[in-house]
Protein chains: 2
Amino acid sequence: MTGAYTIGEAARESGVKVPTIRYYEEIGLLPAPPRTEGGRRSYGAADLRRLAFIRHARELGFEIDAIRTLLQLQDQPDQPCAAADAIARDHLVTVERRIASLTALRAELQRMVEGCSHGHVASCRVIEILADHGECAHHEGGRA
Amino acid sequence: MTGAYTIGEAARESGVKVPTIRYYEEIGLLPAPPRTEGGRRSYGAADLRRLAFIRHARELGFEIDAIRTLLQLQDQPDQPCAAADAIARDHLVTVERRIASLTALRAELQRMVEGCSHGHVASCRVIEILADHGECAHHEGGRA
DNA sequence: GCTTGCTCCTCTAGTCGCTAGAGGAAGTAC
DNA sequence: GTACTTCCTCTAGCGACTAGAGGAGCAAGC
């Protein structure tokens, strides 16, 4: 039977660390489980699934608030899934923007390190490019 | 002449927000400028250059500590620039890893939203993939 | 002179998603 | 009975800011 798990077992099974599990409980992402006589948390199989879901979503870069919504949706399987789709699409857009930004950044870093003649700071391309924004190809801000 | 600037002017010139400038001063990234009679910060042209340097480096994703080192290097132009080069190279590696990770992530998000038939949550591909890690192509962790 | 409105000052607290550590109790192994 | 591990709660810290309170300086108009 899908018995009871200690928080340590839940952590090992789900890959979410012990303090993080407690943190998720604190912020209401994971329901507070029943306790043993001695006051220890006792998790069931459904909790492990929920934790795995959260972990996977975090790995994919979803924010806690988005995961909260996704979990609510998961709990109501007869709802239309437009909301889940929208969250994923939104996130996809974010990720694409981030990739574009990082790719531009990579090009600039490559220019830096390739241009560096390993001489002295006075003539260092790395320092130079950082000092002169005008000289560089990077003109759109935003989180890298 | 390269006169004196208020913190607001420095912010406009450098693109760094006013509270952020004060924050940089607090953490010792920017020297504390002289004050006017009325106690207001009075910046010179060198401060503006330093701020622009910091801003650019932050835009490129360098961490404050790395910027601190880069600024120290900039202040000693006769030093060899190996350290600056190493910082840039390090950062390039980080950025490349991040791009790889995000690219894998993008593929998975695309699978999600393309597979979504816009029906109900019970059969939603987005929710499904999140629930079943085994089903997905994403197996290496790391910061996205 | 006086008021209006903007910028500036300091200080504290909040953001996000955890992570670390203190100090103590419960459970397990020998 | 004692050693060891795991668990408990609680508070504080990380990075890099951001927001807001409460007050003072300063320039312009009347």
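Just so we're on the same page: letters track the sequence lines, and every chain starts at 1. What you see is a predicted model, and the numbers here were worked out from it, not measured in a lab.
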Neighbours of DNA chain D within residues 66-74 of chain A, by heavy-atom distance under 4.0 Å: none
Salt bridge (Lys or Arg N to Asp or Glu O under 4.0 Å) partners of B:Arg68, counting only residues at least two apart: B:Asp65
Derivation and outcome, salt bridge (charged side-chain N to carboxylate O under 4.0 Å, His left out), residues A:Arg12 and A:Glu9: CA-CA 5 Å; A:Arg12 271 189 293 281; A:Glu9 286 160 355; 5.1 Å; no
Under 3.5 Å, which donor-acceptor pairs link side chains of residues 74-86 of chain A to any protein atom two or more places apart or in another chain?
{"unit_1": "A:Asp75", "atom_1": "OD1", "unit_2": "A:Arg50", "atom_2": "NH1", "d": "3.4"}
{"unit_1": "A:Asp75", "atom_1": "OD2", "unit_2": "A:Arg50", "atom_2": "NH1", "d": "3.4"}
{"unit_1": "A:Asp85", "atom_1": "OD2", "unit_2": "A:Arg89", "atom_2": "NE", "d": "3.0"}
{"unit_1": "A:Asp85", "atom_1": "OD2", "unit_2": "B:His118", "atom_2": "ND1", "d": "3.4"}

For atom CG of B:Leu51 and atom C1' of D:dC17, their distance in whole Å: 15 Å
Proximity to the side chain of B:Arg40 - top-ranked nucleotide from D:dA16, C:dG27, C:dC8: C:dC8
Close residues, residues 10-33 of chain A, relative to DNA chain D [heavy-atom separation under 4.0 Å]: A:Arg22
Listed partners of B:Thr103 passing side chain to side chain contact (heavy atoms under 4.5 Å, CB included), at least two apart: A:Ile99, B:Ile99, B:Arg106
Out of C:dT10, C:dC18, D:dC8, whichever nucleotide has its closest atom nearest the side chain of A:Arg41: D:dC8
Comparing B:Thr6 and A:Gly39 on DNA chain C - which has the more 5′ nearest nucleotide: B:Thr6
Residue pairs fulfilling side chain to side chain donor-acceptor pair (under 3.5 Å) with at least one residue in residues 22-42 of chain B, sequence neighbours excluded: B:Glu25-B:Arg41
Sugar-phosphate, base or nothing in reach of B:Glu63, heavy atoms under 4.0 Å: sugar-phosphate
